[in-house]
Structure formats: structure tokens, C-alpha cells
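One structure is given below, encoded as C-alpha cells.
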Amino acid sequence: MSHGEAPVGTPSQPVERTAEAPARATTHRHTLRLETVHARHTIAPGVVYDAWTFDSQVPGPTVRVTVGDTVDFTIVNRAIMPHSIDFHAAQIAPSRVYVNVMPNDSLQYQFIARVAGVFMYHCGTAPVATHIANGMYGALIVDPVRPRPPAKEFVLVQSEFYLGPKQGPDSVQSLDWQRMLDLAPDYVTFNGAANLYATHPLEVAVNQPVRFYVVNAGPNRVSAFHVVGAIFDRVYLDGSDAPLRGVQTFEVPVGGGMIFETHLVEEGIYPFVSHAFADATKGAVGMLKAGSPKGQMTH
Ligand SMILES: [Cu+2]
């Protein structure tokens with residue numbers, strides 16, 4: 001079955017990047033160390049990108065803390081050019097800490113996460129569009145002190161890739177600046193790989209509460225997040241504790257994060273997409289598998 005965008009695989013296949021959210025934090029002080037590394041990243045089968053990363057992965061690691069927690073942060077630059085980091089979850093002077101770190105140097109600072117939500121972090125070195133388009137972003141969840149109700153929780157970071165020609169014996173591709181300026185991505189992905197959770201569906205139970213933490217890293221395309229066959233029970237805008245209710249689709253702005261709660265009322269395969277369908281066609285599609293459905297559907 002499909003929404004016309006991607007073939008559906010079986011969840012038994014190994015997945016290189018899980019969508020499952022990390023567990024809620026149990027301590028109030030977090031030592032977080034991220035290394036900036038240039039590494040190859042597979043966007044789709046046979047499509048290898050010369051990525052700039054946090055900890056050799058795109059997106060970088062998902063971090064989870066609770067409101068009031070202190071993050072003791074260190075960035076270590078293992079790359080051959082300056083990089084930096086900007087935490088949207090922090091309230092801090094950028095001129096002091098969102099500064100370039102030279103190769104083989106490091107920078108340490110602290111912040112207290114005071115606002116609940118799911119927040120982007122990214123490299124802020126100029127040109128920022130290049131550093132984000134090359135893969136330097138991730139998600140940081142800040143939980144409210146009173147835990148959200150139990151749910152099956154997933155983290156999705158949407159982002160785009162703009163590909164230049166294949167180069168070298170390994171056919172590695174790197175950023176096409178003009179395509180990026182023209183907002184013409186080759187791939188739009190959840191968690192860095194096209195159609196990743198279509199070929200590796202996310203499994204939930206019928207009527208189980210499902211919670212998506214969605215960050216849109218961009219650098220350019222707004223996400224119109226939608227689950228086919230479902231309605232969002234609640235949508236939380238950043239730190240808002242007054243959710244929108246009964247929502248079919250909601251935009252996650254570039255550089256923004258949103259929390260979506262839903263449930264699936266019967267067994268089946270439910271695609272989740274950016275309903276900006278050019279982007280779904282370019283890879284921003286995945287599947288939820290509720291129960292053990294048989295048969296196929298088309299749209
Ligand atoms: Cu960078």
C-alpha cells in the first residue's frame with residue numbers, strides 16, 4: 001500500500017536510525033558533549049553525501065532533559081573548519097557562546113532548560129544555510145516537570161538535501177548552493193534518510209496514544225505534518241501548555257518544533273507525511289503500522 005510515495009517494507013528489517021524517543025531524563029544535571037565531524041551519510045540507497053555532522057550522524061543525537069535541568073555542554077571540533085552550536089532550548093547570549101570553535105579546539109558552557117517543548121539545535125557558523133543543509137542539526141526535548149501521559153513516542157527531524165554531481169570513485173555528493181538558494185531539494189527526509197520509515201514502519205498498537213516530537217531543521221521547507229487516517233488529538237506549539245485540539249495538519253516552521261498526539265482507531269497502515277506533497281514525493285513520508293494489518297490499500 002502507499003500514499004503513492006514510497007514502498008512499504010517490514011519492520012523486521014534493521015533500521016539505521018530509530019525514530020523511538022529516548023527515555024525521560026532521570027537526573028537534573030546533564031553532561032553533554034558533541035563532536036563536529038565531517039562524515040559520509042547515506043540519504044537513500046546509493047546516495048552518499050559528504051555531510052557535516054554532530055557525532056558523525058545526521059541528525060545529531062536526540063537529547064532529552066526536564067524543565068529546570070542544567071546542561072553542561074562541550075562542543076569539540078574534529079573538523080577542518082570552524083563550527084559552532086546554537087540550542088533553541090537555551091536562553092543565553094549568542095555573542096558569548098554561539099561562537100565559532102576552531103578545528104581541534106573546544107568550547108564549554110552551561111544553560112538551564114526553562115521552557116518545555118522540542119527544540120532544534122544546529123551549527124550557527126556562517127553561512128548557516130550551508131552548515132544546516134550539510135547535516136548539522138538535531139532535536140532536544142525538554143519535558144515538563146509533570147510528565148506527559150504515557151504514549152508511544154517518536155522523534156522526527158525533517159530536513160532537506162540539495163545535491164551536486166557525484167564525484168570521485170565513491171560517487172559522493174555534496175551541497176549544490178544554487179539549488180539550496182532556489183529551494184529545490186533533491187530529498188526531503190525524516191531523520192536524514194528518504195522514506196526511511198516507509199521501508200521500516202513504526203509499530204504501534206490500535207488506540208495506543210502516539211506522540212511525535214517533530215523538529216523541522218529545513219533549511220528552507222515548511223513541514224505540513226499530517227497522519228493519513230488520523231486526526232491529531234492535541235498539537236503543542238513549542239512551550240505552550242494549551243494545545244490545539246482536533247487538528248488534521250499543522251505546520252512546523254523551519255527552525256521550529258511541535259508535539260503531536262494522536263491515536264489510530266483500527267488495525268492498518270497509516271502514512272505520515274509532509275502534506276506539501278512535492279516533499280513527500282522526495283522522501284518526507286513514513287508509515288505507522290497499527291496492530292497486524294492484512295491486505296493493502298491505495299490512495
Ligand atoms: Cu558547522
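Start at 1 and go down the list; that is how both ligands and their atoms are numbered. As a basis for the values below, the full set of heavy atoms in this structure was taken, side chains included, without hydrogen atoms, waters or symmetry mates. Since the model is a prediction, treat every value here as computed from it, not as a measurement.
- Side-chain contact of Y162 with D182: a donor-acceptor pair under 3.5 Å is absent, judged by distance alone.
- For the ring pair (Phe, Tyr, Trp, His ring centres under 6.0 Å) test with F260, the passing option among F212, F225, F154 is F225; the others fail.
- R64 pairs by the side-chain hydrogen bond (donor to acceptor under 3.5 Å, both in side chains) definition with D143, E153, Y213, not counting sequence neighbours.
- Among the heteroatoms counted here (N, O or S) of H83, ND1 is the one nearest to the Cu ion (ligand 1).
- M136 contributes SD and C123 contributes SG; the angle these two atoms make at the Cu ion (ligand 1) is 110°, rounded to 10°.
- For H131, the N, O or S atom closest to the Cu ion (ligand 1) goes by the atom name ND1.
- Looking at residues two or more places apart in sequence or on another chain, you find a side-chain hydrogen bond (donor to acceptor under 3.5 Å, both in side chains) between T281 and E5.
- Residue contact annotation: T125 places no N/O/S atom under 2.8 Å from the Cu ion (ligand 1).
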